[in-house]
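Please read the structure below before turning to the comments.
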Number of protein chains: 2
Amino acid sequence: MVRRDLKARAAEEADLFRSYLSSQNLKMTRERRTVLEEIFDTTDHFGADELHLRFVSKKISMSRATVYRALDHLVKSGLVRRVYLDKKKAFYEHVYGRVHHEHMICLSCSKVIEFADDPLERRQDKVCRDLGFKPLRHSLRIVGLCRDCQ
Amino acid sequence: MVRRDLKARAAEEADLFRSYLSSQNLKMTRERRTVLEEIFDTTDHFGADELHLRFVSKKISMSRATVYRALDHLVKSGLVRRVYLDKKKAFYEHVYGRVHHEHMICLSCSKVIEFADDPLERRQDKVCRDLGFKPLRHSLRIVGLCRDCQ
DNA sequence: CTGACTGCAAAATGTTTGCAGATTC
DNA sequence: GAATCTGCAAACATTTTGCAGTCAG
């Protein structure tokens with residue numbers, strides 16, 4: 001039952017990606033499908049290189065360049081979000097089927113805490129409306145000390 | 001009169017920086033003072049490299065490495081904020097004496113709009129409080145389309 | 001069959017680092 | 001005087017790119 005649902009959702013997401021791609025005159029290739037499958041049930045933050053290494057260790061042949069290119073398309077399609085958790089590199093997270101959330105980052109232990117808050121989102125929308133700005137995506141990063149590290 | 005105020009504020013800020021530095025067993029050098037002076041009356045977002053070039057063109061001798069190192073200290077001292085406006089590089093902005101603000105970035109014309117909203121800030125504080133997280137700094141990036149580009 | 005894609009390796013970019021000599025406190 | 005700085009150039013890490021051959025629609 002659960003298994004069937006997962007499959008259905010995966011297919012649904014692949015369809016979304018495919019229609020984004022074709023809207024841009026791009027193609028659904030084996031590699032792009034593989035990337036999407038690989039991140040499908042992840043909820044963590046990963047670097048592009050890290051994802052590439054996962055393929056290497058699974059003996060799935062895919063170049064680093066292709067991983068970068070696929071991630072760019074996934075971000076543009078809205079299925080993946082690029083987040084800036086530290087200044088060294090970009091991180092990615094799978095967003096499809098998940099509730100939108102923001103990040104708190106602990107300066108001391110580097111833990112990343114995800115949270116969601118409706119009133120906060122509504123207030124952002126209001127501010128945008130007042131300024132005539134049409135928001136497409138956003139992210140809030142709060143840096144500080146988590147409960148355990150204070 | 002205005003000029004005097006500016007001077008007074010600059011001196012005040014230099015003092016803050018100096019006390020941060022000495023609290024970390026660091027020294028107030030000519031270079032660090034020069035960087036602070038250079039950004040003192042700026043309100044824009046600049047890259048480290050860009051700042052270095054400004055020194056080059058003013059015939060002020062300072063290496064790129066020193067600029068990077070000075071900016072790191074200024075960020076840690078709280079006088080400067082590092083913001084992630086695009087994925088290519090880090091930007092910096094002078095915050096001392098300015099009201100805290102967030103950024104909207106237009107996907108189409110790349111314009112950066114700054115805005116501030118109290119209720120938004122208060123809500124963030126509440127969320128942090130509820131989660132036992134002690135916020136030290138934060139930044140909200142809203143990407144979308146500005147009024148002119150819609 | 002055409003245009004888009006991939007892998008590769010090289011290049012580009014932004015940032016950091018080790019070291020020798022200079023400077024601050 | 002001791003510890004911290006600076007400049008330099010080299011090293012680094014991440015990301016992008018040009019090109020020749022491959023593949024999707």
Side-chain angles (χ1 to χ4, degrees), chain A residues 14-15 17-38 45-56 58-77 80-93, chain B residues 14-15 17-38 45-56 58-77 80-93:
Chain A
D15 278 351
F17 192 33
R18 172 176 284 110
S19 55
Y20 164 79
L21 289 171
S22 78
S23 77
Q24 306 292 310
N25 287 317
L26 302 175
K27 293 169 179 176
M28 175 58 108
T29 62
R30 182 180 66 75
E31 288 78 6
R32 290 173 184 170
R33 198 176 356 249
T34 303
V35 169
L36 189 52
E37 278 165 15
E38 182 65 29
H45 315 99
F46 54 90
D49 198 64
E50 197 178 322
L51 180 57
H52 175 244
L53 285 180
R54 235 185 287 167
F55 290 127
V56 171
K58 282 189 172 188
K59 312 243 189 282
I60 295 175
S61 121
M62 170 139 24
S63 74
R64 209 193 326 265
T66 298
V67 172
Y68 274 100
R69 291 187 274 227
L71 284 172
D72 278 349
H73 293 310
L74 283 164
V75 168
K76 290 205 185 102
S77 77
V80 165
R81 172 151 79 138
R82 183 182 282 122
V83 289
Y84 303 93
L85 298 178
D86 75 38
K87 69 172 164 168
K88 310 291 280 183
K89 65 175 178 182
F91 283 85
Y92 297 84
E93 61 183 18
Chain B
D15 278 351
F17 193 33
R18 173 177 284 109
S19 56
Y20 164 78
L21 288 171
S22 78
S23 78
Q24 305 294 310
N25 287 317
L26 302 175
K27 291 168 181 176
M28 174 59 107
T29 62
R30 183 181 67 77
E31 288 78 6
R32 290 173 184 168
R33 198 177 355 250
T34 303
V35 169
L36 189 53
E37 276 164 18
E38 182 64 30
H45 315 100
F46 54 89
D49 199 63
E50 197 179 323
L51 180 57
H52 175 243
L53 285 179
R54 235 185 287 168
F55 289 128
V56 171
K58 283 189 171 187
K59 312 246 192 279
I60 295 174
S61 122
M62 170 142 21
S63 74
R64 209 194 326 268
T66 299
V67 172
Y68 275 99
R69 290 187 275 226
L71 285 172
D72 278 350
H73 293 310
L74 282 164
V75 168
K76 290 205 185 103
S77 78
V80 164
R81 174 151 79 138
R82 183 183 281 123
V83 288
Y84 302 92
L85 299 178
D86 75 35
K87 68 172 164 167
K88 311 290 283 184
K89 65 175 178 181
F91 283 85
Y92 297 84
E93 62 183 19

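Residue numbering restarts at 1 for every chain, and letters A, B, ... go by the order of the sequence lines. Bear in mind the structure is a predicted one, so any value in this text is a computation, not a measurement.
For the pair L71(B) CG and dT6(D) P, the interatomic distance rounds to 12 Å; values are reported in whole Å. The distance between atom CG of D86(B) and atom C1' of dT13(C), rounded to the nearest whole Å, is 12 Å. We find that NZ of K87(A) is positioned 18 Å from P of dC12(D), with the value rounded to whole Å. Residue N25(B) contributes atom CG, which lies 14 Å from atom C1' of dC5(D) at whole-angstrom precision. Spacing between atom NE2 of H52(B) and atom P of dT13(C) amounts to 17 Å, rounded to whole angstrom units. Look at NZ on K27(A): it is 15 Å from P on dT22(D), rounded to the nearest Å. Taking atom CE on M62(B) and atom C1' on dC5(D), their separation rounds to 13 Å, with Å as the unit. Atom-to-atom, CZ of R69(B) to P of dC5(D) comes out at 10 Å; the value is rounded to the nearest Å.
Not a single donor-acceptor pair, N or O on each side, falls under 3.5 Å between the base of dG14(C) and the side chain of K88(B). In terms of polar N and O atoms assigned as donor or acceptor, the side chain of R64(B) never comes within less than 3.5 Å of the base of dG14(C) in a complementary pairing.
Nearer to the 5' terminus of DNA chain C, by closest-nucleotide assignment, is the contact made by R32(A) (compared with the other of R32(A) and D72(B)). Taking for each of G47(A) and L26(A) the nucleotide of DNA chain D with the nearest heavy atom, the 5'-most of the two is the partner of G47(A).
Put simply, the side chain of Y84(A) reaches to within 4.5 Å of the side chain of K87(B), judged on heavy atoms. In this structure the side chain of K76(B) never reaches within 4.5 angstrom of the side chain of Q24(B), judged on heavy atoms.
Residues A14(B) and L36(B) share a closest heavy-atom pair of CA-CD2, 3.8 Å.
No contact: S22(B) has no heavy atom under 4.0 Å from any strand.
In this structure, OG1 in T34(A) is found 6.5 Å from CZ in F55(A), a value given to the nearest 0.5 Å.
Distances were taken from every side-chain heavy atom of T29(A) (C-beta onward) to each of dC5(C), dA3(D), dG7(C); the shortest belongs to dC5(C). Here dG7(D) is the nucleotide among dT4(D), dT15(D), dG7(D) with the atom lying nearest to any side-chain atom of E31(B). The listed nucleotides are dC25(C), dT17(C), dG25(D); the one nearest the side chain of A65(B) is dT17(C).
Every residue two or more places apart in sequence or in another chain was checked for a side chain to side chain donor-acceptor pair (under 3.5 Å) with R69(A), and none qualifies.
Phosphate proximity of dT15(D) to Y68(A): present, with a side-chain N or O under 4.0 Å from OP1 or OP2.
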